[in-house]
Amino acid sequence: MSPCNLFHMVQIDFREIEKVWQDKWEKEGVFQPEPSEKPKFFITIPYPYLNGNLHAGHTRTFTIGDAFARYKRMKGYNVLFPMGFHVTGTPIIGLAELIQKRDENTMRVYSEFHDVPENVLVNLDTPEKIVEYFSKEALKSMKEIGYSIDWRRVFTTTDETYQRFIEWQFYRLRELGLVVKGTHPVRYCPNDMNPVEDHDLLHGENATVVDFTIIKFYYIDSSGEKIILPCATLRPETVFGVTNIWLKPVKYTIAKVNGEKWLVSEEAYEKLTFTEKEVEMIGEVNAEELFGKYAINPVTQQRIPILPADFVDTDNATGVVMSVPAHAPYDYVALEELKRSEMAKKYNLSEILEKIEPIVLISSGEGEGIPAKMIVDEMGIKDQTDPALERATKLLYKREFHKGILLDITGEYAGIKVSQIKDKLQRDLIERDIGDVFYEFSEKPVVCRCGTKCVVKVVRDQWFLNYSNPEWKARVLEHLEKMRIIPDYYKEEFRNKIEWLKDKACARRKGLGTRIPWDREWLIESLSDSTIYMAYYILAKFINQGVIKAENMTKEFLDYVLLGEGDFEEAVKSSGLDEEIVKKIRDDFVYWYPVDMRSSGKDLVANHLLFFLFHHIAIFPVELWPRAIAVNGYVSLEGKKMSKSKGPLLTMKRAVRENGADVTRMYILYTSEYDSDADWRRRDVETLSQHLRRFYDLVKENYGEKKEPDMLDRWLISRFQKIVKETTDAMENFQTRRAVNAAFFEMMADVRWYLRRGGDNLSVILDDWLRLLSPFIPHICEELWHLRHDSFVSLENYPEYDENKVDEESEMAEEYLKNLISDIKEILKFVEARTIYIAVAEPWKFDVLEIVKGEKELRNAMKKVMEREEYRKMGKNVSAYLKNLMKEKIDFILQEEKLIRDNIDFIKKEVGVEVVLDSDKVPESKRKASIPGKPALYAVS
RNA sequence: GCGGGGGUUGCCGAGUCAGGAAAAGGCGCAAGGCUUAAGACCUUGUCCCGUAGGGGUCCGAGGGUUCAAAUCCCUCCCCCCGCACCA
């Protein structure tokens, strides 16, 4: 048989074992808990979104959760670990459309990376078929990797019963006043007539929506009409320093905007039509006609000229710019350049330009002068096209934003920090009807996948979840402090995100999901319907049994079983369910809730996990609020980021089929910790598979009757106890990497030493070792466990650390031998020798050690010893020894001679030369250096 | 920019909270053993120097506190993630 075939046989072997135990677990329903006397533990993982197969990222999050569930189960908890499927929202619809269109990239990615067979893929042309297919695949994958999930509770978020549950939730939130109406800006494709998400974009994924302040400068035209010049700015406070208006010498549009006449660029007009404003085009005007004319600053009432500037970008905001030469480098340079230019002559502006003086309105403690001029001079900027101008602008803006204070010229705003003025001023201007807001992308272009340029659309009368509600936030923050967050520094992250959270639009026009029950033209957005569904798992078991149907899920029923509110009789009556059933469901719920642990990828911190907290706190009584959250990092493939829609991607199924469930599990648990990212490396996975193979063979060969433990066995047992302690501590802290490292690799190292030392009683730890490893590699452990037991190791008790089994003496003895062998080998590296003579330290050295035991300071130790006359006489010898002793930190005393004699054959075998314990053969010069624990050695050729 | 995390030996990563001779464990590489043979197994080595078990260097950079700093304090540099309405 070729090595290659042998290699494959190994994999198949594991897969067969795995199948056997998965079937038995399922057949005997070992992971289907019911309320009992035992303490409960309810762990949940966010259900996967099914626009593809489960991948390595899911594998990581779910495996961590499963290992923890298994650990807790063995620790004596009644563990509920359920799973459902998320299909709400737009991506599945989008995918169906792409498959319908036979989109090339999609077809390639789904066959190549998602492993969907070609003939199946072409038929996945409706959302329903996609959900059907991927939910089956997901379920299969999760069974194949051996998760201890209670599958009686599985559901999909488009189930009618689930929709009833969501409706109930939304009615509840509305009653609490937490669903409100509002308006907000979104990225929008005019062609598709739909808001666009990141993955719908060709360009501009990084663009954010920024709100410019509009300040309504104006002029009176020849017919006496007031025409508004809506200057757009990110720095409204500089309105006090405006010296002129900039327009580009091109055609502008005059439009009626909410009854006023506005002059804006042609592009800006288009954009305005997507806002909530009423907009109508009424004419055009060439900007050239306005140069040299005057406008009024509505804040200061000053008359200021309208001037030409090429740097004006008509596709940015309104295309009308106010000029603040004292604080805006662009304005300053443009003004200086204009003074020298042909344009000044052409439009007859020289006289006007001479009178313009920059107006300083901010002090940032950088001394006297005009800030924009200073920075422009400093950087040697000559004209508007100099790229350094962008840098100068940013630099100055940053400095003034952080350090700037408004000067007296700003009147009522004098003394306020620049960083604190923007929102206030914007509000004031709008209140006085001389201001407005204009939304614009931070980066351009933003282009939809259909090729159309996107705009910012302001959506009116949208339903919002009122997360900005200060009382709601305060309650969430307060509860957060009582929660366990893993890793702990994420608590700070959560704190910040809670404070940062604004109202969230929770209604959509398009997608799968549940309609807002009181406003059925809207669908509930898909993150908003996934906040408290862990409660639904309790109902799901009854729903799947056919006991509860959608029509039974009335408000009274849900109020009663989930909140304990209302009347039992009412709940029974309105639901049409039997009394015992309602009572049973309520009892189940009371037993299982709240969620004890929610474990998730770190990508959900700033969204789902926040909503999860907010909604629980809004809806449920305090005793049912979540107890703990854990987050983990991502998984990359050979250093490359995974992508569901572009590849590369490794599916859970493929990982398991190629490597086996236990190898996959252990790799993903061991390869990284907490929120640090894991990397899936084929080569490493294969070596790990060898480790497990070795382990399997080792246990199989050594698993027998335990013999009475000897000294070496006691050492092994002692080491094992420390491993148990380390593993348990790691698991309590949700550290699977540390746990696997200890339970598997470090124990393995000790076992190797044990066998090398001639240990032949490995069984003394095997029962416990299998139990210890069972949460990580359950199938192999189950298989091996059944060599000698009939029970499921998955349901056994986890090993407990037992201090009485710790044997410090045997540990010291083994340590002593390791050191001795290593020292001899070190010497043999440099000295050709046939015999090594060993001399244990002289008896007086042991006496001194007794005297100074526990003493850490050399000075004090020296004093203590020198109190005795016999040592004072030995003077120098003693002090040299003592220094050495303190340095080596020796504080134990062993029967060294006996230890060496008993193990002399082993030592000889290890070092490969003759070894003799005979102090007479070791010269005095060597003996001097010996200390307890470190005998003198002498090499003779 | 704001917020969170991080920078340790060829790589991944312990160690940092509670200062006491840094480098657990894994991977990779090398040598020896075993073997018909092997990518399998066992052992050893893997910052530098060393023909006696030793010595030296070292934790992004630079300062400081201390008998003693990867660890505490200050300044700086670099990297990753989030900043939303999207699952």
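Quick note: numbers below take in every heavy atom, side chains included, and nothing from hydrogens, waters or symmetry partners. The shown structure was predicted, so the numbers you read here are calculated from the model rather than taken from an experiment. Naming convention: chains lettered A, B, ... in sequence-line order (proteins, then strands); numbering from 1 in each chain.
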Report which part of the nucleic acid [X] touches: base, sugar-phosphate, or nothing (heavy-atom distance under 4.0 Å, all strands).
| X | value |
| --- | --- |
| A/S528 | nothing |
| A/D684 | sugar-phosphate |
| A/D679 | nothing |
| A/P46 | nothing |
| A/N496 | sugar-phosphate |
| A/H608 | nothing |
| A/Y490 | nothing |
| A/K497 | base |

Would you call the rings of A/Y110 and A/H114 parallel, tilted or perpendicular, taking 30° and 60° as the class edges?
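It falls in the parallel class, under 30°.
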Spacing between [X] atom [atom1] and [N] atom [atom2], to the nearest angstrom:
| X | N | atom1 | atom2 | result |
| --- | --- | --- | --- | --- |
| A/R693 | B/rC42 | CZ | P | 14 Å |
| A/Q690 | B/rG28 | CD | P | 11 Å |
| A/I485 | B/rG5 | CD1 | C1' | 16 Å |
| A/D750 | B/rA24 | CG | P | 14 Å |
| A/Y670 | B/rA24 | OH | C1' | 9 Å |
| A/L604 | B/rA84 | CG | C1' | 13 Å |
| A/E493 | B/rG5 | CD | P | 8 Å |

Are A/R598 and A/F612 in a cation-pi setup, meaning NZ or CZ lies under 6.0 angstrom from the ring centre and within 45 degrees of the ring axis?
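Relative to the ring axis of A/F612, which defines the angle, A/R598 lies inside both limits.
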Please determine, for the side chain of [X], which listed nucleotide ([options]) has the closest atom?
| X | options | value |
| --- | --- | --- |
| A/L501 | B/rG4, B/rA84, B/rC12 | B/rA84 |
| A/D823 | B/rA24, B/rG5, B/rG53 | B/rG53 |
| A/K504 | B/rC81, B/rA14, B/rC86 | B/rC86 |
| A/F745 | B/rG26, B/rA40, B/rU43 | B/rG26 |
| A/I827 | B/rG53, B/rC27, B/rG3 | B/rG53 |
| A/E746 | B/rG4, B/rG25, B/rG82 | B/rG25 |
| A/T687 | B/rA14, B/rC27, B/rC86 | B/rC27 |
| A/H691 | B/rA52, B/rG26, B/rG3 | B/rG26 |

Say we look at [N] and [M]: how far apart would their [atom1] atoms be, to the nearest angstrom?
| N | M | atom1 | answer |
| --- | --- | --- | --- |
| B/rA23 | B/rU16 | C1' | 14 Å |
| B/rG10 | B/rA30 | C1' | 13 Å |
| B/rG26 | B/rA18 | P | 31 Å |
| B/rG15 | B/rA70 | C1' | 8 Å |
| B/rG20 | B/rG25 | C1' | 24 Å |
| B/rG56 | B/rG3 | C1' | 44 Å |
| B/rG60 | B/rG5 | C1' | 16 Å |
| B/rC49 | B/rG39 | P | 29 Å |

Can you tell me if A/T736 uses its side chain to pair, donor with acceptor, with the backbone of A/Y670 under 3.5 Å?
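Checking the backbone N and O of A/Y670 against the side chain of A/T736, no donor-acceptor pair under 3.5 Å is found.
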Should [N] form a Watson-Crick or G-U wobble pair with both distances under 3.5 Å, which nucleotide is its partner?
| N | value |
| --- | --- |
| B/rC2 | B/rG82 |
| B/rA30 | B/rU44 |
| B/rU51 | none |
| B/rA38 | none |
| B/rA24 | none |

For A/F906 and A/W753: C-alpha separation, side-chain torsions, deciding distance, then whether ring pair (Phe, Tyr, Trp, His ring centres under 6.0 Å) applies.
CA-CA 12 Å; A/F906 174 69; A/W753 172 258; 5.7 Å; yes
Could you check A/D677 against A/V186 and say which one's nearest nucleotide on RNA chain B is further toward the 5' end?
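The residue mapped nearer the 5' terminus is A/D677.
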Nearest heavy atom decides the nucleotide; on that basis, is A/S822 or A/P185 closer to the 5' end of RNA chain B?
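Its nearest nucleotide being more 5', the pick is A/S822.
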Please check if atom [atom1] in [X] has more than 12 non-hydrogen atoms from other residues, nucleotides or ligands closer than 6.0 Å.
| X | atom1 | answer |
| --- | --- | --- |
| A/K725 | NZ | no |
| A/K181 | NZ | yes |
| A/R682 | CZ | no |

If you restrict it to nitrogen or oxygen atoms, what contacts under 3.5 Å exist between nucleotides 29-35 of chain B and the protein, and what is each distance?
{"residue": "B/rC29", "atom": "OP1", "partner": "A/R683", "partner atom": "NH2", "Å": "3.4"}

Please check the phosphate of [N] (OP1 and OP2 only) for any side-chain N or O of [X] closer than 4.0 Å.
| X | N | result |
| --- | --- | --- |
| A/R756 | B/rU44 | yes |
| A/R681 | B/rG26 | no |
| A/R752 | B/rU43 | yes |
| A/K934 | B/rA52 | no |
| A/R694 | B/rC41 | yes |

Would you give the length of the straight line joining atom OG1 of A/T61 to atom NZ of A/K602, rounded to the nearest 0.5 angstrom?
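Taking OG1 in A/T61 and NZ in A/K602, the distance rounds to 11.0 Å.
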Could you state the interatomic distance from NZ (A/K829) to NZ (A/K825), rounded to the nearest 0.5 Å?
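If we round to the nearest 0.5 Å, A/K829:NZ and A/K825:NZ are 11.0 Å apart.
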Between side-chain atoms of residues 695-702 of chain A and protein atoms elsewhere (two or more places apart, or another chain), which donor-acceptor pairs fall under 3.5 Å?
{"residue": "A/N702", "atom": "ND2", "partner": "A/L698", "partner atom": "O", "Å": "2.8"}

Hey, mind stepping through A/Y533 and A/H86 against ring pair (Phe, Tyr, Trp, His ring centres under 6.0 Å) and telling me if it holds?
CA-CA 11 Å; A/Y533 69 88; A/H86 194 207; 7.6 Å; no
Should A/K722 and A/E746 count as an ion pair when the cut-off is N to O under 4.0 Å?
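No.
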How does each nucleotide of nucleotides 46-51 of chain B score, in 5' to 3' order, for protein heavy atoms under 4.0 Å: base (B), sugar-phosphate only (S), or none (-)?
----BB
Using the rule salt bridge (charged side-chain N to carboxylate O under 4.0 Å, His left out), only one of A/R757, A/R756, A/K818 pairs with A/E910; which is it?
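Considering A/R757, A/R756, A/K818, a salt bridge (charged side-chain N to carboxylate O under 4.0 Å, His left out) with A/E910 is found only for A/R756.
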Can you confirm whether or not the ring centre of A/F611 sits under 6.0 Å from the ring centre of A/Y467?
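Between A/Y467 and A/F611, which both carry aromatic rings, the centre distance is below 6.0 Å.
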